[in-house]
Visitor: 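Sharing a structure with you now.
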Amino acid sequence: MLNPTLLASSLLLLAAAPLAAQIDYRNLDDDRPTRVEDAYPVEHFAFEALLPYRVERESGSVTIHSVVPELSYGLLRNSQIGFKLPFAVVDGPGGTRTGLSGLLAFALYNFNTESHSLPALSLRVDGAFPIGALTGDKTRIAFKAIATRSFGKNRVHLNGAYAVGADGASAAAEGLPRWWAGAAIDRTLFRQSTLLVGEVYLLQAEHGAPTQLNASLGMRYQWTPTTVFDLGLSRRLKAGVGPDIAVTVGLSHAFAIPGLMPGRSSR
């Protein structure tokens with residue numbers, strides 16, 4: 001059902017030269033495995049390739065499968081840029097539709113590293129552009145504020161985002177909602193190289209649309225020194241609004257391209 005060429009191209013991203021050992025399992029990426037992310041970018045001069053698969057069951061007997069190749073780069077210290085190219089399959093009463101679900105580009109800047117008095121604080125900007133058969137019909141720009149605070153092996157994360165742009169048909173996968181806000185808490189299991197995370201969030205897709213209240217549980221596991229496996233499960237808490245159930249599974253891989261990484265900095 002999924003495009004083999006797209007999958008093969010995405011997997012090639014995982015074959016570049018790896019970085020030295022690190023603890024990327026502690027770094028929450030957006031939707032990998034929960035919507036809430038932490039405030040830290042990828043390493044300076046480093047790349048991170050992500051290949052997640054998600055299946056979401058919605059009301060009305062609609063099931064959405066998506067693969068969202070993503071590539072991020074630590075262009076400047078404490079910042080990153082990247083893009084996503086989501087591909088989706090929508091199964092519903094009207095049949096099956098397949099195609100690209102838009103093009104997304106983003107940038108994140110961490111303007112405060114966590115200190116004794118302040119949490120880590122970041123600002124992220126996402127742009128969604130209508131490219132592909134399942135992309136909807138609008139361009140939208142979202143601004144997200146992110147905060148992360150550590151308490152021993154636990155961390156608390158707060159995210160809030162608002163998007164500007166016209167209302168209209170939404171993308172089948174990785175669309176930018178009009179607004180959303182969420183909180184998450186994670187716990188690090190150092191000996192097992194594992195991170196456990198739980199979240200709740202509110203989301204409104206368009207002006208006037210019902211507000212969703214959803215919850216997610218997830219884990220990130222350091223499979224190799226540079227490759228992280230993630231698994232997430234989401235469920236609506238408000239009857240009739242939001243996904244009946246959604247499962248996300250994916251891999252992320254940190255690597256460097258010789259000549260583009262003259263020095264390293266910690267995340």
Visitor: Do Leu189 and Leu231 sit in the same hydrophobic cluster, where Ile, Leu, Val, Met, Phe, Trp and Tyr count as joined when their side-chain heavy atoms come under 4.5 Å apart?
Guide: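 Yes; Leu231 is reachable from Leu189 via cluster members.
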
Visitor: How close do Ala39 and Leu108 get, counting heavy atoms only, and between which atoms?
Guide: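 Result for this residue pair: O-CD2, 4.2 Å.
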
Visitor: My understanding is that only residues two or more places apart in sequence, or in another chain, count here; which of them pass salt bridge (Lys or Arg N to Asp or Glu O under 4.0 Å) with Asp137?
Guide: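 Salt bridge (Lys or Arg N to Asp or Glu O under 4.0 Å) list for Asp137, sorted by chain: empty.
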
Visitor: Which heavy-atom pair separates Thr148 from His157 by the least distance, and what is that distance?
Guide: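 So the minimum-distance heavy-atom pair works out to OG1-ND1, 3.0 Å.
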
Visitor: If you compare all heavy atoms of Arg26 against all heavy atoms of Leu195, which two are closest, and at what distance to 0.1 Å?
Guide: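 Smallest heavy-atom distance, with atoms named: O-CD2, 4.0 Å.
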
Visitor: Decide yes or no on side chain to side chain donor-acceptor pair (under 3.5 Å) for Arg155 and Ser150, but give the supporting numbers first.
Guide: CA-CA 4 Å; Arg155 299 185 303 169; Ser150 301; 5.2 Å; no

Visitor: Between Lys153 and Asp186, is there a salt bridge with N-O shorter than 4.0 Å?
Guide: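 Salt bridge absent between Asp186 and Lys153.
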
Visitor: For residues Phe47 and Tyr73, establish whether the separation of their ring centroids is below 6.0 Å.
Guide: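 Between Phe47 and Tyr73, the centre distance is under 6.0 Å.
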
Visitor: Looking at Tyr201, does the NZ or CZ of Arg35 lie under 6.0 angstrom from its six-membered ring centre and within 45 degrees of the ring axis?
Guide: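 Output yes; distance and angle both within limits.
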
Visitor: Does the side chain of Asp91 pick up a donor-acceptor pair with the side chain of Thr96 at under 3.5 Å?
Guide: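 A donor-acceptor contact under 3.5 Å links the two side chains.
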
Visitor: Please tell me whether Leu71 and Ile257 are part of a single hydrophobic cluster in this structure, the criterion being side-chain heavy atoms less than 4.5 Å apart.
Guide: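 Yes, Leu71 connects to Ile257 through the hydrophobic network.
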
Visitor: On a heavy-atom basis, which atom in Ala215 and which in Leu237 lie closest, and how many Å separate them?
Guide: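 Nearest heavy atoms, Ala215 then Leu237: CB-CD1, 3.8 Å.
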
Visitor: Grab the two heavy atoms, one from Thr135 and one from Ile131, that are nearest each other, plus how far apart they are.
Guide: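 The pair with the smallest heavy-atom distance is OG1-N, 3.3 Å.
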
Visitor: Evaluate the side chain to side chain donor-acceptor pair (under 3.5 Å) criterion for residues Asn154 and Arg187: first the C-alpha distance (whole Å), next the side-chain angles of each, then the deciding distance (0.1 Å), finally the verdict.
Guide: CA-CA 4 Å; Asn154 304 309; Arg187 182 169 179 83; 3.1 Å; yes

Visitor: Side chains of Lys144 and Trp180: closer than 4.5 Å at any heavy-atom pair?
Guide: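 Answer yes - side chains close enough.
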
Visitor: Is Arg124 positioned over the aromatic face of Phe106, cation under 6.0 angstrom from the ring centre and no more than 45 degrees off axis?
Guide: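 Yes.
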
Visitor: Only one of Arg236, Arg235, Arg57 passes side chain to side chain donor-acceptor pair (under 3.5 Å) with Asp244; say which it is.
Guide: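 Output: one option passes, namely Arg236.
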
Visitor: For the side chain to side chain contact (heavy atoms under 4.5 Å, CB included) test, which of Ile245, Val249, Thr34, Thr248 pairs with Leu233?
Guide: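 When side chain to side chain contact (heavy atoms under 4.5 Å, CB included) is applied between Leu233 and each of Ile245, Val249, Thr34, Thr248, only Ile245 qualifies.
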
Visitor: One thing to verify: whether Asp29 and Arg220 come together as a salt bridge, which I'm taking to mean a side-chain N less than 4.0 angstrom from a carboxylate O.
Guide: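 Salt bridge flag = yes for Asp29 with Arg220.
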
Visitor: Consider only side-chain heavy atoms of I, L, V, M, F, W and Y, link residues closer than 4.5 Å, and tell whether Leu213 and Ile185 are in one cluster.
Guide: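 Per the 4.5 Å side-chain linkage, Leu213 and Ile185 are not co-clustered.
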
Visitor: Identify whether Ile146 and Leu123 are in the same connected component of the hydrophobic contact network (ILVMFWY, side-chain heavy atoms under 4.5 Å).
Guide: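 Unlinked, Ile146 and Leu123 end up in two clusters.
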
Visitor: Using the rule that two of Ile, Leu, Val, Met, Phe, Trp, Tyr join whenever any of their side-chain heavy atoms come within less than 4.5 Å, decide whether Val36 and Leu203 are in one cluster.
Guide: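 The answer is yes; both residues are in one hydrophobic cluster.
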
Visitor: List the atom of Gly242, the atom of Gln212, and the distance in Å for their closest heavy-atom pair.
Guide: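 Heavy atoms of Gly242 and Gln212 come nearest at CA-OE1, 3.4 Å.
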
Visitor: Which word best sums up how the rings of Tyr162 and His207 line up, parallel for under 30°, tilted for 30 to 60°, or perpendicular for over 60°?
Guide: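 Judged by the thresholds at 30° and 60°, the geometry between Tyr162 and His207 is tilted.
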
Visitor: Starting from the C-alpha separation in whole Å, work towards a yes-or-no answer on side chain to side chain donor-acceptor pair (under 3.5 Å) for Glu56 and Thr63.
Guide: CA-CA 6 Å; Glu56 182 174 322; Thr63 302; over 6 Å; no

Visitor: Can you give the donor-acceptor pairs under 3.5 Å from side chains of residues 81-88 to other protein atoms, not counting sequence neighbours?
Guide:
| unit_1 | atom_1 | unit_2 | atom_2 | d |
| --- | --- | --- | --- | --- |
| Lys84 | NZ | Asp30 | OD2 | 2.6 |
| Lys84 | NZ | Glu174 | OE1 | 3.1 |

Visitor: For the CZ atom on Arg97, are there more than 12 heavy atoms of other groups (residues, nucleotides or ligands in this structure) within a distance under 6.0 Å?
Guide: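 Counting neighbours around CZ of Arg97, 12 or fewer heavy atoms of other residues, nucleotides or ligands fall under 6.0 Å, so no.
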
Visitor: How about Trp179: does its CH2 atom have over 12 heavy atoms from other parts shown lying under 6.0 Å from it?
Guide: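 Enclosed.
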
Visitor: Decide, yes or no, whether a salt bridge links Arg77 with Glu43 under the criterion of side-chain N to carboxylate O below 4.0 Å.
Guide: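 Here Arg77 does not pair with Glu43 in a salt bridge, since their nearest N and O are not under 4.0 Å apart.
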
Visitor: Check whether any side-chain heavy atom of Lys138 sits under 4.5 Å from a side-chain heavy atom of Asp167, and report yes or no.
Guide: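 Not touching, per the 4.5 Å side-chain cut-off.
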
Visitor: Is there a donor-acceptor contact under 3.5 Å linking the side chains of Glu206 and Ser170?
Guide: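 The criterion, which ignores hydrogens and geometry beyond distance, is satisfied for Ser170 and Glu206.
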
Visitor: Are Glu48 and Ser72 linked by a side-chain donor-acceptor pair shorter than 3.5 Å?
Guide: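 Side-chain D/A pair, Glu48 to Ser72: absent.
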
